[in-house]
Amino acid sequence: MKIRIEKASCAGNARCAAVSEELFPLNEDGYIAVDKVDVPEGKEQLARRGARACPERIIFIEEE
Amino acid sequence: MSATMSPAVPKPDHVADAAVYDFDMFADPAYVADPHKRILDLVKNAPPVFWTPRNGGHWMIMSHEANFAAARDIETFSSNFIPKERLAAMQAQMPRHLPMPLPINVDPPDHTKYRAPLQKVFSPKTINGLKDSIRELAGQLIDKIKADGKCDFMTSVAEPLPVVVFLKMLGLPLERMEEYREIVSQHLSDPTPNPIDSIKKLWRIVDSIKDTLEERRVNPQDDIISMLWKTEIDGQPMTMADMENYSVVLFIAGLDTVMNGIGHGVRYLATDLPLQDRLRQNPELVGEASEEMLRRFTFTVPPRIIGKDAVFNGLEMKKGERAMLFLPAADLDAKAFANPDTYNLDRENKTHIAFNAGVHRCLGSHLARVELQVCYEEMLARLPRFRLDPANPPTFHCGHVVGVSSLHLVWDT
């Protein structure tokens with residue numbers, strides 16, 4: 001599974017990281033540090049939950 | 001709290017009759033009696049975006065989609081209430097620095113510049129480091145009232161907890177808490193946008209903390225004021241004027257918001273004993289429970305000024321008009337949340353916008369979340385089933401913060 005994040009639109013809610021800090025690493029200010037995530041096998045459900053938790057709706061599942 | 005409705009002003013010609021709905025966001029009697037009940041009624045019966053003739057006449061952004069769009073469209077829904085040129089002209093007439101609640105009332109690029117020094121202090125990482133001390137403080141406050149079997153939750157827990165945390169973070173003397181609270185509640189309770197009175201109130205805030213600002217400049221401690229003195233804004237060293245601006249915004253935002261969020265949450269908990277039981281048995285669910293509390297009882301109403309003539313949601317809006325991002329209604333919108341009036345811990349989608357969306361997302365949201373969750377956890381862990389006192393129903397106040405004024409609880413001892 002691959003995830004795309006519109007990093008520039010991140011508002012620093014950090015809800016994705018509240019679901020999984022490992023999948024959604026934050027920078028020092030608490031904003032998303034990456035714009036792509038290769039989701040390790042077995043973490044797909046967590047990735048989906050993290051994407052859904054974003055109030056800015058900027059986390060997209062690109063490939064199932 | 002009793003309140004008088006403001007007079008209705010005539011509708012401007014460009015506002016269609018169908019877009020008008022009469023609602024006083026400070027004094028509507030049903031709203032002040034039980035705010036979120038009235039909001040549910042508005043969500044059902046008022047247009048998704050409407051113009052109210054009360055409080056000088058302004059737009060109300062109600063639906064989730066409209067709020068989401070408006071929060072992002074900062075050119076139309078600007079936070080720049082006073083243009084830079086006018087501000088400079090006003091400043092030139094003033095005997096002293098005119099403090100501005102930055103970065104709340106500016107748009108990017110200035111917003112980005114003034115917000116930057118604050119980001120790290122309020123980041124999830126920094127805030128998580130405060131969690132244990134917040135828990136200790138919450139525990140102490142609750143233990144103090146435990147044997148009484150009753151309390152006014154607002155004065156005994158909801159108010160002191162976030163205020164003490166915030167004053168400690170800022171490095172302000174705790175013994176002056178009452179004075180600070182009084183200044184802030186006065187600041188937020190005035191519905192009339194009279195610029196001179198507003199400025200005087202900002203000066204009052206500055207006057208109450210200026211000695212601490214000056215002291216920390218020469219004697220830095222481990223607090224936000226000292227840290228900000230060491231920061232630069234856009235490559236320039238911090239000035240006393242910058243510090244006054246930050247103090248005003250942190251003061252206003254830190255002292256009167258979280259306490260009301262906790263009040264709404266604990267009020268709901270007191271009415272839902274099965275939920276209390278479930279959370280006592282499964283404390284790991286309190287984080288989720290707290291999110292659903294924020295959704296069900298969203299309580300802030302950020303104001304905006306229309307930055308350019310625009311058509312929004314099919315309605316003509318003119319530059320200079322005021323609009324309210326009525327976030328409590330957005331999070332009770334049935335299009336975004338099925339059965340929005342039901343508090344549902346198992347709801348799959350709890351992605352609310354209680355902290356707003358876009359660049360002005362609440363800087364203190366991570367702190368607020370920790371305080372809310374820890375407070376619920378400690379209430380549930382330290383007290384048996386608590387209920388509303390039937391003889392003293394809760395009271396509320398309404399405005400840019402929809403707040404709980406008193407919340408009398410009872411429990412068995």
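Because the structure is predicted, anything quoted here is derived from the model rather than measured. Protein chains get the first letters and strands the later ones, always in sequence-line order, with residue 1 at the start of each.
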Peer 1: Can you tell which part of Cys54(A) gets under 4.5 Å to a heavy atom of chain B, answering side chain, backbone, both or neither?
Peer 2: backbone

Peer 1: Using the salt bridge (charged side-chain N to carboxylate O under 4.0 Å, His left out) rule, take Glu41(A) and Lys43(A) through it: C-alpha gap first, then chi angles, then the decisive distance, then the call.
Peer 2: CA-CA 6 Å; Glu41(A) 222 162 288; Lys43(A) 301 272 183 189; over 6 Å; no

Peer 1: Do other residues, nucleotides or ligands put more than 12 heavy atoms under 6.0 Å from the CD atom of Glu44(A)?
Peer 2: yes

Peer 1: So what's closer than 4.5 Å to chain B heavy atoms on Arg52(A): side chain, backbone, both or neither?
Peer 2: both

Peer 1: Please determine, among Arg49(A), Arg57(A), Glu28(A), the option with the most heavy-atom pairs under 4.5 Å with chain B.
Peer 2: Arg57(A)

Peer 1: Where on Asn27(A) is there a heavy atom nearer than 4.5 Å to chain B: the side chain, the backbone, both, or neither?
Peer 2: neither

Peer 1: Can the ring centres of Phe337(B) and His64(B) be said to be less than 6.0 Å apart?
Peer 2: yes

Peer 1: Taking side chain as everything from C-beta outward and backbone as N, CA, C, O, which of these in Phe122(B) sits under 4.5 Å from a heavy atom of chain A? Side chain, backbone, both or neither.
Peer 2: neither

Peer 1: Please look at Leu26(A) and chain B and tell me whether the side chain, the backbone, both or neither of the residue comes under 4.5 angstrom of a heavy atom of that chain.
Peer 2: side chain

Peer 1: Of all of Glu65(B), His360(B), Lys350(B), which one pairs up most often with chain A through heavy atoms under 4.5 Å apart?
Peer 2: Glu65(B)

Peer 1: Under 4.5 Å heavy-atom distance to chain A, tell me which part of Lys125(B) shows up: side chain, backbone, both or neither.
Peer 2: side chain

Peer 1: Consider only side-chain N and O atoms of Asn344(B) and Thr342(B), and report whether a donor and an acceptor are under 3.5 Å apart.
Peer 2: no

Peer 1: Using ring centroids (six-membered ring only for Trp), state whether Phe77(B) and Phe312(B) fall under 6.0 Å.
Peer 2: yes

Peer 1: How long is the straight-line distance from OG of Ser79(B) back to CG of Asp107(B), given to the nearest 0.5 Å?
Peer 2: 5.0 Å

